[in-house]
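In what follows, a structure is listed as structure tokens, so that the remarks can point back to it.
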Amino acid sequence: MLSLDTLRILCTSRASLHHSWLMTKRQFVYQTVTCAAHCMSTSFPKKDTWHSNMDLNALGKDIKRIYSTYPASSIRKYCTGQVKLNCWNCKQPLDTTPAFFCMSCKVIQPPEEDASYFKIMDCDVTFTLDTQKLQKRYLQLQRSLHPDNFSQRPVKEQEYSESHSALVNKAYQTLLKPLSRGLYMLELEGVRTDEGTDSGADSGFLMQLMEINEALDEARTPEDANKIGQDTKGKLAVLTEAIDAALLEGELQAAKALLAQMKYYANIEEKVKEKLSEFM
Amino acid sequence: MASTVANKCLSPLAFITRRFSAPEFITQCCYHKKVVDHYENPRNVGTLDKRSKNVGTGLVGAPACGDVMKLQIEVDDHGKIVDARFKTFGCGSAIASSSLATEWVKGKSVDEALQIKNTDIAKELCLPPVKLHCSMLAEDAIKAALADYRLKQQDDQQEAVRASS
């Protein structure tokens with residue numbers, strides 16, 4: 001019987017081989033640990049020591065030792081990296097993740113708490129996204145999950161339907177726009193934008209933003225406003241490509257800075273729309 | 001007044017109805033009247049000549065919400081702030097915070113202006129927690145303007161020293 005410590009080490013090593021582009025190892029290690037806990041048992045006495053000893057270099061040495069002392073068949077048996085849940089109604093195991101409905105009894109399941117939006121919308125975790133495909137998936141999901149379909153069902157199912165529908169809405173809105181999509185991708189890696197002032201912001205850049213905003217404020221004709229709108233769109237397109245490249249390379253801090261720039265320009269784009277509507 | 005009376009009458013009903021919203025909650029999700037006042041009647045909007053050696057310019061941005069704020073101060077020869085102007089592109093709370101900041105710095109010395117805290121601004125405008133970063137932005141703008149003024153004064157002094165030697 002493999003010890004709990006050994007199991008954690010094994011799961012981490014195998015998982016990290018598959019997902020080498022993820023920069024923040026800590027969050028990822030945490031996910032595999034959680035899976036291991038679910039696989040094995042409910043009691044987890046050494047959890048705290050594990051979280052404080054997350055030194056993956058030291059683990060590397062341990063991995064070599066374990067592979068040589070334990071037979072290969074027992075290693076493969078335990079490490080799946082997937083959480084196995086059962087249907088609350090018929091108790092059959094749920095095969096798919098995310099599992100919206102049970103395969104056997106077709107009853108709606110509760111939404112997974114930490115399911116990634118990308119997984120829900122069946123998209124790859126990339127910055128470039130096919131918005132048509134996203135929209136199709138959104139409509140397909142809402143057709144089956146919307147609370148209107150559950151008005152005659154028990155309260156428990158109605159509540160699950162409401163939660164699912166709300167979650168799908170949130171996932172769709174987040175992934176639809178490049179800015180929110182990029183920020184969500186950073187969030188998945190544990191990188192958050194700070195609420196405070198941007199002390200690292202280039203004053204030249206801020207000056208430029210000021211000038212664009214002032215010009216927009218003073219625009220007296222729709223043509224003037226449109227010109228600013230077109231310039232902003234161009235800048236956003238350049239930023240989108242740069243963010244895509246940064247995220248593919250795993251350069252999270254660079255992506256964060258670029259997304260901050262995108263936020264400023266996105267605000268200007270909103271103001272252009274407001275200005276044009278004033279002219280109408 | 002009316003809201004507390006309404007609340008007293010309606011609070012027993014709160015136990016019965018599941019979805020009940022008290023009147024006082026509704027007022028809390030709007031902008032405070034002080035913020036609306038600063039938004040509709042902003043004080044000190046404009047620009048000062050940033051090339052002047054008596055003018056300090058602070059330019060700050062908040063990446064989370066995309067607000068941009070410029071605050072300028074004009075300081076006399078005795079180190080007292082005689083004029084202040086601002087230009088902010090952002091939400092109502094950001095505009096109100098910077099408007100209030102320009103009101104407060106006027107008449108203060110450079111050292112006194114450094115003491116202005118974002119908590120004072122937030123308290124004065126009754127900003128909700130979600131808008132506290134706007135008052136932080138205003139405090140940073142004041143500090144940036146003062147720092148810029150100090151830098152210009154230092155450069156000026158260095159030039160004077162070089163000229164005399």
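Basis for what follows: all heavy atoms, side chains included, without hydrogens, waters or symmetry-related copies. Remember, predicted model here, so these are calculated numbers, not experimental data. Naming convention: chains lettered A, B, ... in sequence-line order (proteins, then strands); numbering from 1 in each chain.
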Can you tell me which portion of C134(B) sits under 4.5 Å from chain A's heavy atoms? Options are side chain, backbone, both or neither. neither
Hey, would you say the Y184(A) and Y117(A) ring centroids sit under 6.0 Å apart? yes
Quick one about T88(B) and S98(B) (side-chain donor to acceptor, distance below 3.5 Å, no hydrogens or angles considered), yes or no? yes
Mutual orientation of the aromatic rings belonging to Y172(A) and Y138(A) [parallel < 30°, tilted 30-60°, perpendicular > 60°]: parallel
Sole candidate of V45(B), T102(B), L48(B) that passes side chain to side chain contact (heavy atoms under 4.5 Å, CB included) when paired with R85(B): L48(B)
Could you tell me which portion of K256(A) (side chain, backbone, both or neither) has an atom closer than 4.5 angstrom to a non-hydrogen atom of chain B? neither
Who among M207(A), R192(A), E214(A) has the most heavy-atom pairs with chain B under 4.5 Å? E214(A)
Can you say whether N213(A) sits under 4.5 Å from chain B via the side chain, the backbone, both, or neither, judging by heavy atoms? both
